[in-house]
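Take a look at the structure below.
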Protein chains: 2
Amino acid sequence: MDTVFDATSERDRLARELLTRIADKWTLLVIEALEDGAPKRFTRLQEQVGEVSQKMLTKTLRQLERDGLVTRRVHPVVPPHVDYQLTPRGASLGEAACAIWNWVDEHAEAVAQARNATSDPRETAQDVDCD
Amino acid sequence: MDTVFDATSERDRLARELLTRIADKWTLLVIEALEDGAPKRFTRLQEQVGEVSQKMLTKTLRQLERDGLVTRRVHPVVPPHVDYQLTPRGASLGEAACAIWNWVDEHAEAVAQARNATSDPRETAQDVDCD
DNA sequence: CTGAATCCCATGTGATACTG
DNA sequence: CAGTATCACATGGGATTCAG
């Protein structure tokens with residue numbers, strides 16, 4: 001194993017790094033596409049995610065595989081058959097991300113309006129406890 | 001105003017767009033920094049977020065303000081005093097994002113290990129229901 | 001079908017210097 | 001203090017082409 005030095009700041013650094021890794025344009029969308037737990041083929045994913053290019057989908061899947069969030073299985077058949085599936089850890093991310101999709105779905109219109117209107121939202125925020 | 005055409009795909013498009021907007025390198029970190037509901041000054045935010053450059057912090061705050069997630073207040077005093085605060089909508093995003101920070105904090109080490117080990121995570125995922 | 005390789009442009013991001 | 005302006009560079013991301 002690795003020595004357990006001051007884990008507090010180290011954990012924080014890793015968490016920060018992991019957050020910036022999953023907070024890119026495609027990762028969460030791919031996770032969402034795989035969220036039903038069923039293994040999916042490359043082309044299927046490309047359809048489901050939407051306007052993603054083959055390049056970025058490949059890249060995103062490779063990162064997810066490397067981070068142990070997705071499994072990649074290759075079936076050695078004549079037309080290559082590869083499918084992807086969430087690992088338990090990936091599925092847990094999917095669950096955590098649910099709150100985000102719900103929020104996005106719920107507030108998309110309001111945000112779009114706010115963007116056009118430049119109205120002043122002078123209300124104050126309530127305290128939120130996270131940890 | 002705008003006509004209400006087929007809202008289904010329109011909502012989906014807006015939601016997709018909003019997701020990619022908040023899924024950048026800094027937005028969630030800024031939201032987190034403001035999550036306690038207290039107004040914070042620019043420099044304070046810069047310290048709290050971490051390695052963010054002044055440029056990106058400004059940009060991120062401007063986007064958040066435009067989207068009605070953050071308020072920006074300028075006090076016309078000799079040394080300029082500007083503070084930022086979450087709007088209720090911004091706070092609701094903070095709550096939704098909590099699930100993500102918790103997940104990240106919980107899995108950061110495991111993911112870091114998976115990245116180094118290239119072990120095969122051959123377990124299968126369970127079904128997750130979101131909507 | 002899956003994906004690597006390449007070219008190319010847009011955007012992200014940081015460093016630095018300057019301003020009210 | 002809180003920015004704006006500018007340069008310079010890395011990465012993101014798409015289109016196209018090629019290959020097993």
Side-chain angles (χ1 to χ4, degrees), chain A residues 13 16-34 38-67 69-86 115 118, chain B residues 13 16-34 38-67 69-86 115 118:
Chain A
R13 201 185 56 77
R16 175 76 50 114
E17 188 185 323
L18 180 56
L19 178 63
T20 61
R21 190 171 312 269
I22 65 175
D24 62 28
K25 196 173 179 180
W26 301 114
T27 298
L28 290 185
L29 292 173
V30 171
I31 296 282
E32 184 183 27
L34 288 170
K40 298 220 170 70
R41 304 183 58 170
F42 189 87
T43 315
R44 181 87 175 79
L45 278 175
Q46 202 165 9
E47 295 167 1
Q48 216 170 325
V49 170
E51 336 79 26
V52 63
S53 68
Q54 167 268 324
K55 177 181 176 179
M56 292 319 296
L57 181 54
T58 299
K59 187 177 184 178
T60 303
L61 286 169
R62 287 291 186 276
Q63 289 177 348
L64 288 172
E65 186 191 9
R66 194 182 52 140
D67 289 351
L69 302 177
V70 157
T71 55
R72 175 176 183 266
R73 263 180 317 198
V74 183
H75 302 90
V77 290
V78 196
H81 184 128
V82 182
D83 55 37
Y84 299 88
Q85 188 175 15
L86 288 183
R115 197 173 302 161
T118 328
Chain B
R13 201 185 56 76
R16 174 77 51 114
E17 188 184 323
L18 180 56
L19 177 63
T20 62
R21 189 172 314 268
I22 65 176
D24 63 29
K25 194 173 181 179
W26 301 114
T27 298
L28 290 184
L29 292 173
V30 170
I31 296 281
E32 184 182 28
L34 289 170
K40 299 219 171 70
R41 303 182 58 169
F42 189 87
T43 316
R44 181 87 175 80
L45 278 176
Q46 202 165 11
E47 296 167 2
Q48 217 170 324
V49 171
E51 336 79 28
V52 64
S53 69
Q54 167 272 326
K55 177 181 177 179
M56 292 321 299
L57 181 54
T58 299
K59 186 176 184 178
T60 304
L61 286 170
R62 289 289 186 279
Q63 289 176 348
L64 288 172
E65 187 191 9
R66 194 182 51 137
D67 290 350
L69 302 177
V70 157
T71 56
R72 175 176 184 265
R73 264 181 317 199
V74 183
H75 302 90
V77 292
V78 196
H81 184 126
V82 181
D83 54 37
Y84 299 88
Q85 187 175 14
L86 287 184
R115 199 173 302 162
T118 327

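Within every chain, numbering begins at 1; the chains are lettered A, B, ... in the order of the sequence lines, protein sequences first and strands thereafter.
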For this session: State the CG-OG1 distance between L69(A) and T60(A), to the nearest 0.5 angstrom.
Result: 12.0 Å
For this session: Just compare dG20(C), dG3(C), dG12(C) and give me whichever is closest to any side-chain atom of Y84(A).
Result: dG3(C)
Seminar exercise, completed: Taking every heavy atom of D83(B) against every heavy atom of P39(B), the minimum-distance pair comes out as CG-CB, 4.0 Å
Problem set entry | T71(B) side-chain N/O to Q85(B) backbone N/O, donor-acceptor pair under 3.5 Å | yes
For this session: Output the distance between atom NE2 (H81(B)) and atom CZ (R41(B)), rounded to the nearest 0.5 Å.
Result: 4.0 Å
For this session: Rounded off to whole Å, could you give me the CZ-to-C1' distance for the R62(A) and dG3(C) pair?
Result: 7 Å
Exercise. So, is R72(A) near the phosphate of dT2(C), with a side-chain N or O under 4.0 Å from OP1 or OP2?
Worked result: no
Exercise. Could you give the CH2-to-P distance, from W26(B) to dG12(C), as a whole number of Å?
Worked result: 14 Å
For this session: Remember a base hit wins even if backbone is also touched, and classify R44(A) as base, sugar-phosphate or nothing at under 4.0 Å, heavy atoms.
Result: nothing
Exercise. Does the side chain of K59(B) get closer than 4.0 angstrom to OP1 or OP2 of dG12(C) through an N or O atom?
Worked result: yes
Problem set entry | Over all atoms of both residues, closest heavy-atom pair of L61(A) and V30(A) | CD2-CG1, 3.9 Å
Exercise. What is the 5' to 3' range of DNA chain D, first to last nucleotide, that sits under 4.0 Å from any heavy atom of chain A?
Worked result: dG12(D) to dG20(D)
For this session: Figure out the NE2/C1' separation between H81(A) and dG3(C), and round it to whole Å.
Result: 15 Å
For this session: Could you tell me, to 10°, how much the axis swings from one end of the helix from dC1(C)-dG20(D) to dG20(C)-dC1(D) to the other, five pairs per end?
Result: 40°
Seminar exercise, completed: Taken to the nearest whole Å, CG/L61(A) to C1'/dA4(C) is 14 Å
Seminar exercise, completed: In this structure, CZ of F42(A) is separated from CD of Q54(A) (nearest 0.5 Å) by 5.0 Å
Problem set entry | Shortest non-hydrogen contact between D24(A) and Q63(A), atoms and distance | OD2-OE1, 3.9 Å
Exercise. Pick the nucleotide of DNA chain D nearest each of V78(A) and E51(A); which residue has the one closer to the 5' end?
Worked result: E51(A)
For this session: Send over the distance from M56(A) CE to dA4(C) C1', rounded to a whole Å.
Result: 14 Å
Exercise. Does R41(A) put a side-chain nitrogen or oxygen below 4.0 Å from OP1 or OP2 of dC1(C)?
Worked result: no
Exercise. Between dC1(C) atom P and Q54(A) atom CD, what is the distance in whole Å?
Worked result: 13 Å
Problem set entry | Heavy-atom closest contact (L34(A) atom, Y84(A) atom, distance) | CD2-O, 3.6 Å
For this session: Take atom CZ of F42(A) and atom P of dG3(C), then tell me their distance rounded to the nearest Å.
Result: 6 Å
Problem set entry | Gap between atom CD of E65(A) and atom CZ of R62(A) - 0.5 Å precision | 6.0 Å
Exercise. In whole angstrom, what separates K55(A)'s NZ from dC7(C)'s P?
Worked result: 12 Å
